[in-house]
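Just so it is clear: chains get the letters A, B, ... in the order the sequence lines come, proteins before strands, and each one is counted from 1.
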Amino acid sequence: MKEVPRNFFMQDVCSVAKKLLGCAFVRELSDGSRLAGRIVETEAYAHSNDPASHSRSGKTPRNAVMFGPPGHLYVYFTYGMHYCCNVVTGAEGRGEAILLRALEPLSGIALMAVKRYGKKDMNAREVRDLSRGPARLCRAFGIGREQNGADLCSGEFRILQADPAAEIQIGCSSRIGIREGCSHPWRFYIQNNPWVSGPARNVQA
DNA sequence: CGTGAGATTTCCT
DNA sequence: GGAAATCTCACGT
């Protein structure tokens, strides 16, 4: 698999959210170990006219990375406990990003288990929940405040292009966990993939 | 596997 | 002050 180029992130935020499905999200730790997961669920957050987006009221210290150049990680802390990880898209200054909601573990699974549960061995439920959900995948990948602003085209984090031969069926629904902006069907997921969080609601391409 | 309470930062009204 | 792009734990099935 090949890395996606910088201009991949310059496209419309919903287009990128769909194209990210099937791509691999990779972190190479400084000690040489490698964590990888297949992206199976995303949500798009637009720059304007989107009351659910963190960028809705302009730039703040927390969301500054969203307004920066595309292809970087926007990591935020929420509910007093959890981190969530986004990919910045669109031209600098727009404030668009895609929330990574779920990954299918590919490699470094034992290391993810240690980061998330503090142990190597998992029961069936722990395996299922390893990276199914935005805050869970952050824990499995060791993503926190320090990773906010990390570049996806250099350094520890990379996104590898999806295998074009692997045909996937994309479903979409309204976004999860928000009260406003529910009318936008901007949650995208790979249909019938067991690693997708939550129910498959309004199924359509 | 479903349900429901609790944890507790950041930002806006 | 109050809600938020959520999860864990406890307990019932």
Atom-to-atom span, [atom1] of [X] to [atom2] of [N] - whole angstrom:
X: A:Tyr74; N: C:dA5; atom1: OH; atom2: P; value: 10 Å
X: A:Asp129; N: B:dG2; atom1: CG; atom2: P; value: 11 Å
X: A:Glu126; N: C:dC7; atom1: CD; atom2: C1'; value: 14 Å
X: A:Phe77; N: C:dC7; atom1: CZ; atom2: P; value: 13 Å
X: A:Ile143; N: C:dC7; atom1: CD1; atom2: P; value: 14 Å
X: A:Leu137; N: C:dC7; atom1: CG; atom2: P; value: 8 Å
X: A:Tyr83; N: C:dA5; atom1: OH; atom2: P; value: 17 Å
X: A:Leu99; N: C:dA4; atom1: CG; atom2: P; value: 16 Å

Return the nearest nucleotide to the side chain of [X]; candidates are [options].
X: A:Arg116; options: B:dG2, C:dA5, C:dC7; answer: C:dC7
X: A:His82; options: C:dA10, C:dA5, C:dT6; answer: C:dT6
X: A:Ile176; options: C:dT6, B:dC12, C:dA5; answer: C:dT6
X: A:Pro134; options: B:dT9, C:dC7, C:dA5; answer: C:dC7
X: A:Arg128; options: B:dT9, C:dA5, B:dC1; answer: B:dC1

What's [X] touching, base or sugar-phosphate or nothing? Going by heavy atoms closer than 4.0 Å.
X: A:Arg56; result: nothing
X: A:Asn86; result: base
X: A:Ile178; result: sugar-phosphate
X: A:Ala52; result: base

Any side-chain N or O of [X] below 4.0 angstrom from OP1/OP2 of [N]?
X: A:Arg62; N: C:dA4; value: no
X: A:Arg136; N: C:dT8; value: yes
X: A:Thr60; N: B:dC11; value: yes
X: A:Arg187; N: C:dA5; value: no
X: A:Arg179; N: C:dA4; value: yes

inquiry  = Salt bridge check, A:Glu126 against A:Lys119: does any charged N sit closer than 4.0 Å to a carboxylate O?
reply    =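 Answer for the salt bridge query: yes.
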
message = Under 4.0 Å between a side-chain nitrogen and a carboxylate oxygen: does that hold for A:Arg6 and A:Asp151?
response =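 Salt bridge present between A:Arg6 and A:Asp151.
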
query = Are the aromatic rings of A:Phe141 and A:Phe157 close, with centres under 6.0 Å apart?
reply =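 Between A:Phe157 and A:Phe141, which both carry aromatic rings, the centre distance is not below 6.0 Å.
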
message = Using the side-chain contact (heavy atoms from CB on, under 4.5 Å) definition, which of the options A:Leu106, A:Val87, A:Leu152, A:Leu20 pairs with A:Phe25?
response =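 Answer to the side-chain contact (heavy atoms from CB on, under 4.5 Å) test with A:Phe25 among A:Leu106, A:Val87, A:Leu152, A:Leu20: A:Leu152.
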
ask   = Within 45° of the ring axis of A:Tyr189 and under 6.0 Å from its six-membered ring centre, is that where the NZ or CZ of A:Arg101 lies?
value =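 So A:Arg101 doesn't make the cation-pi contact.
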
ask   = If we take the P atom in both C:dA5 and B:dT3, what is their distance in whole Å?
value = 22 Å

key: Residue whose nearest DNA chain C nucleotide is more 5′ - A:Glu180 or A:Met81   = A:Glu180

inquiry  = Could you identify the nucleotide paired to C:dG2, looking across every strand shown and requiring Watson-Crick or G-U wobble geometry with both distances under 3.5 Å?
reply    = B:dC11

A:Tyr79 over B:dA7, stacked by centroid distance under 5.5 Å, angle under 30° = no

task = Please check if atom CG in A:Asn49 has more than 12 non-hydrogen atoms from other residues, nucleotides or ligands closer than 6.0 Å.
result =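 Not more than 12 within 6.0 Å, no.
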
